[in-house]
Amino acid sequence: MSEPAATAAAAEPADFIRDIVSADLAAGRHSRIHTRFPPEPNGYLHIGHAKSICLNFGIARQFGGVCNLRMDDTNPTKEDIEYVDSIQADVRWLIGGWADETLGLKPVGARPPMPGAPGTDFHLPAVTGTGPEITGREPFFASDYFDQLHDYAIQLIQKGSAYVCDLSPEDTERLRGSPDRPGTDSPFRNRSVAENLDWFARMRAGEFPDGARTLRAKIDMGSPNIWLRDPLLYRIRHAEHHHTGSRWCIYPLYDFAHCLSDYIEGITHSICTLEFEVHRPLYDWILGQLNLPRALPHQFEFARLNLGYTVMSKRKLHQLVTEGRVTGWDDPRMPTISGLRRRGVPASAVRHFATRIGVTKFSGQTDVAVLEHSIRDELNRTAQRRLAVLRPLKIILTNLGPDDRIECEAVNNPEDPSAGSRRVVLTREVFIEQDDFMEGPPPKYFRLRPDGDVRLKYACIIHCDAVIRDAAGKVTELHCTADLESRSGGANAARKVKGTIHWVSATESVPAEVRLYDRLFTEQEPEKDGRDFKSVLNPRSLETVTARLEASLAAPALGERFQFERLGYFWPDPKTPSGSPTVFLRTLPLKDTWAKETAKI
RNA sequence: UGGCCGAUGGUGUAAUGGUAACACAGGGGCCUUUGGAGCCCUUAUUCAUGGUUCGAAUCCAUGUCGGCCAGCCA
């Protein structure tokens with residue numbers, strides 16, 4: 001009976017935030033749990049956001065609560081509808097099949113009640129569920145609360161806790177002081193309530209240009225916490241907003257909008273990253289100033305994800321895109337959610353990764369091997385095996401006739417017997433990987449060599465009789481003899497050879513473009529010691545080859561993932577234009593013990 | 001030279017005053033028609049110094065090192 005709960009608990013180990021949530025529930029501080037994921041729509045989501053998504057939706061899922069998806073869109077000059085759309089797609093993909101039921105949305109166009117009588121409480125509850133009616137829903141938008149936020153600002157002015165300041169941006173900065181030196185009161189700090197109300201109304205009416213005036217909280221210019229030195233609440237921006245159009249020319253700042261957005265949506269636990277820790281006193285101050293009737297949300301901070309061999313900031317990722325270092329936000333080399341998705345990384349692998357790395361307040365750097373292990377772990381269990389040769393070397397099996405077709409049974413997935421098997425055809429001419437033949441090989445090289453033996457997987461053992469070269473001395477083909485009795489079920493089936501390699505028939509295989517992706521950066525810490533991250537971009541992060549694939553791969557279904565045996569995990573590029581030949585992308589190579597062995601020398 | 005927050009094997013985390021453990025990475029072995037997967041073994045850890053305590057990774061003090069904060073960004 002308690003089985004599902006126990007399973008969930010096992011899948012999502014406790015962390016300090018879940019401990020707090022449990023304790024809050026146990027102490028009756030909340031009767032239900034409501035989190036939120038609040039990205040600003042100014043870029044694509046990356047794997048660091050994935051950690052936050054898994055945390056927020058994971059908590060909602062584990063405690064039977066809801067997690068609102070909210071656009072934190074209070075800065076019209078940086079945001080765009082393109083990002084609103086991509087964020088929704090990425091979140092839905094990541095939580096799909098796992099936490100869909102906890103996704104808090106709202107009916108399209110729904111907004112909190114219009115400001116009315118004094119004491120009006122603004123509340124916009126979430127709608128959840130996965131039924132067909134979901135088409136009538138959309139994410140929450142902080143910009144939907146501009147009326148309410150404006151109303152709260154007036155309440156603050158009325159109780160003498162906020163004032164309109166005429167200082168220029170430069171003077172505001174100067175009077176703020178520095179971390180080790182207190183600030184100075186603004187000369188406009190002690191205006192009367194009536195005066196402030198009037199100036200604020202005129203700000204809203206559009207009487208002043210950008211930057212001319214601000215609304216500031218009246219807290220303490222001497223505070224050691226800079227965010228308590230009369231922080232700005234509203235600024236003037238005569239700019240079109242992607243969601244509210246031209247209705248406003250004043251926009252709230254993050255600190256003012258965020259805590260109140262949380263309150264309006266009934267959020268209980270507002271989970272964010274460490275850099276907001278110093279803002280928490282302001283978060284609590286604003287909520288505490290207003291006479292809010294419902295339970296207040298509380299902010300908790302955890303360490304953002306840092307991952308080796310990549311950068312993790314929207315600004316830097318943006319730069320890679322706009323400078324053409326990658327093909328777009330969804331380039332398979334990008335650490336974006338859309339990049340991972342296009343590369344073929346399953347959402348479950350990303351989630352698994354997120355739970356493995358844990359949640360703490362320590363900012364360290366996670367080894368990319370942990371991510372790669374999560375991906376391989378998932379794909380090893382689920383991907384169908386296929387034979388493909390990336391860099392073909394032709395072999396003539398001289399004891400086979402030109403019309404001989406030897407059908408061999410190939411297992412689809414040794415990890416999953418129910419995946420069944422298929423037939424691959426051995427013919428007189430086959431391709432093997434160039435790397436799988438070597439003249440004068442080093443010790444412990446198990447593959448084909450002159451006068452050596454190797455097994456063609458699922459087929460038979462072959463012996464290399466002759467090496468054919470072109471005028472330049474380059475090996476162009478091999479002449480081999482096939483021991484057909486070494487096939488499965490044959491008299492020599494039990495014959496042992498050191499190596500088994502993959503292959504395809506030269507006449508019954510198809511050519512295809514395959515893109516081999518590698519890490520985007522050559523350094524584990526691209527920005528170590530202040531280095532420019534673009535100076536350590538990996539010049540070989542993408543290599544394109546024309547491979548030969550076994551015939552069954554001629555028309556693959558989009559979305560199907562494969563392991564090309566001994567090579568790695570691949571899938572058809574979901575962006576292949578319809579009608580054009582399938583391009584395969586490498587999600588991740590297999591672990592390569594031989595490469596590690598040779599690297600030691 | 002201000003404030004806030006941190007510090008446990010190489011990396012990330014657990015142990016919530018009572019035997020320091022897990023995963024990844026590394027090393028060795030077994031097995032193998034994937035040098036994959038799997039299985040077994042193994043190396044390696046509490047920042048420092050004091051204090052409290054029968055007992056400290058855990059509590060306290062001081063120090064050291066690291067992260068964050070001076071956008072009309074979020």
Side-chain angles (χ1 to χ4, degrees), chain A residues 13-16 19 38-40 42 72-75 77-79 165 167-169 172-174 176-183 210-216 223-229 232-237 251 253-255 257-258 272-281 301 303 308 314-315 356-374 376-377 380-381 385 387 410-411 414-415 444-447 455-461 486-488 493 495-502 524 563-568 589-597:
Chain A
D15 52 63
F16 79 97
D19 289 347
E40 182 189 16
N42 67 344
D72 205 359
D73 55 349
T74 57
N75 185 356
T77 61
K78 291 194 173 175
E79 297 152 8
C165 181
L167 250 25
S168 67
T172 304
E173 185 184 333
R174 194 168 46 79
R176 183 153 38 221
S178 59
D180 56 349
R181 208 182 61 244
D210 290 4
R213 287 184 165 77
T214 57
L215 182 73
R216 302 178 68 176
S223 171
N225 182 340
I226 284 174
W227 294 102
L228 260 20
R229 321 239 264 230
L232 274 54
L233 268 22
Y234 268 91
R235 79 295 219 179
I236 300 171
R237 280 272 182 288
Y251 291 93
L253 278 110
Y254 166 83
D255 289 295
H258 203 89
C272 62
T273 45
L274 249 28
E275 64 269 27
F276 293 100
E277 213 161 12
V278 288
H279 293 244
R280 192 184 342 128
E301 311 87 13
K314 280 194 220 168
R315 189 181 62 77
R356 291 184 75 114
I357 58 177
V359 178
T360 66
K361 300 189 73 152
F362 175 73
S363 18
Q365 191 186 47
T366 297
D367 192 333
V368 72
V370 180
L371 206 215
E372 293 176 346
H373 181 265
S374 293
R376 290 196 183 102
D377 196 46
N380 175 52
R381 279 198 311 273
R385 315 285 127 126
L387 294 178
V411 169
E415 309 290 322
K444 294 198 275 185
Y445 181 86
F446 300 153
R447 290 109 92 181
R455 179 178 283 277
L456 299 184
K457 176 116 185 174
Y458 303 126
C460 61
I461 295 169
S486 65
R487 294 167 58 203
S488 183
R495 214 184 123 193
K496 298 287 179 199
V497 286
K498 273 293 215 176
T500 299
I501 63 175
H502 58 279
Q524 169 146 349
Q563 182 198 102
F564 291 177
E565 295 217 38
R566 300 209 311 132
L567 294 172
L590 245 30
K591 267 208 316 207
D592 189 348
T593 330
W594 172 246
K596 208 159 62 184
E597 190 72 29

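We name chains A, B, ... by the order of the sequence lines, and we start the count at 1 in each one. No experiment lies behind these values; they were computed from the predicted model shown.
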Check every strand shown and say whether A:His279 touches a base, only sugar-phosphate, or nothing at a heavy-atom separation below 4.0 Å. base

Regarding A:Leu167, tell me which of base, sugar-phosphate or nothing describes its non-hydrogen contacts under 4.0 Å with the strands shown. base

Would you indicate what A:Ser168 reaches in the nucleic acid, counting non-hydrogen atoms under 4.0 angstrom: base, sugar-phosphate, or nothing? base

Does a nitrogen or oxygen in the side chain of A:Arg566 sit under 4.0 Å from OP1 or OP2 of B:G35? yes

Pick one for B:G71: is it syn, with its angle within 90° of 0, or anti? syn

Atom pairs, protein N/O to nucleotides 9-15 of chain B N/O, distance under 3.5 Å:
| residue | atom | partner | partner atom | Å |
| --- | --- | --- | --- | --- |
| B:U11 | O3' | A:Gln365 | O | 3.2 |
| B:U11 | O2' | A:Gln365 | O | 3.0 |
| B:G12 | OP1 | A:Gln365 | N | 3.0 |
| B:G12 | O2' | A:Ile357 | O | 3.0 |
| B:U13 | OP1 | A:Thr360 | OG1 | 2.9 |

Tabulated below should be each protein N or O lying under 3.5 Å from an N or O of nucleotides 42-48 of chain B; please produce it.
none

Would you kindly compare A:Arg447 and A:Val278 by the position of their nearest RNA chain B nucleotide and give the one closer to the 5′ end? A:Val278

Distance check, P atoms only: B:C54 and B:A21, in whole angstrom units. 26 Å

How is A:Asn225 classified with respect to the nucleic acid when contacts are heavy atoms under 4.0 Å: base, sugar-phosphate, or nothing? nothing

Parallel, tilted or perpendicular: which describes the rings of A:Tyr445 and A:Trp594, with under 30° parallel and over 60° perpendicular? perpendicular

Does A:Arg235 put a side-chain nitrogen or oxygen below 4.0 Å from OP1 or OP2 of B:C73? yes

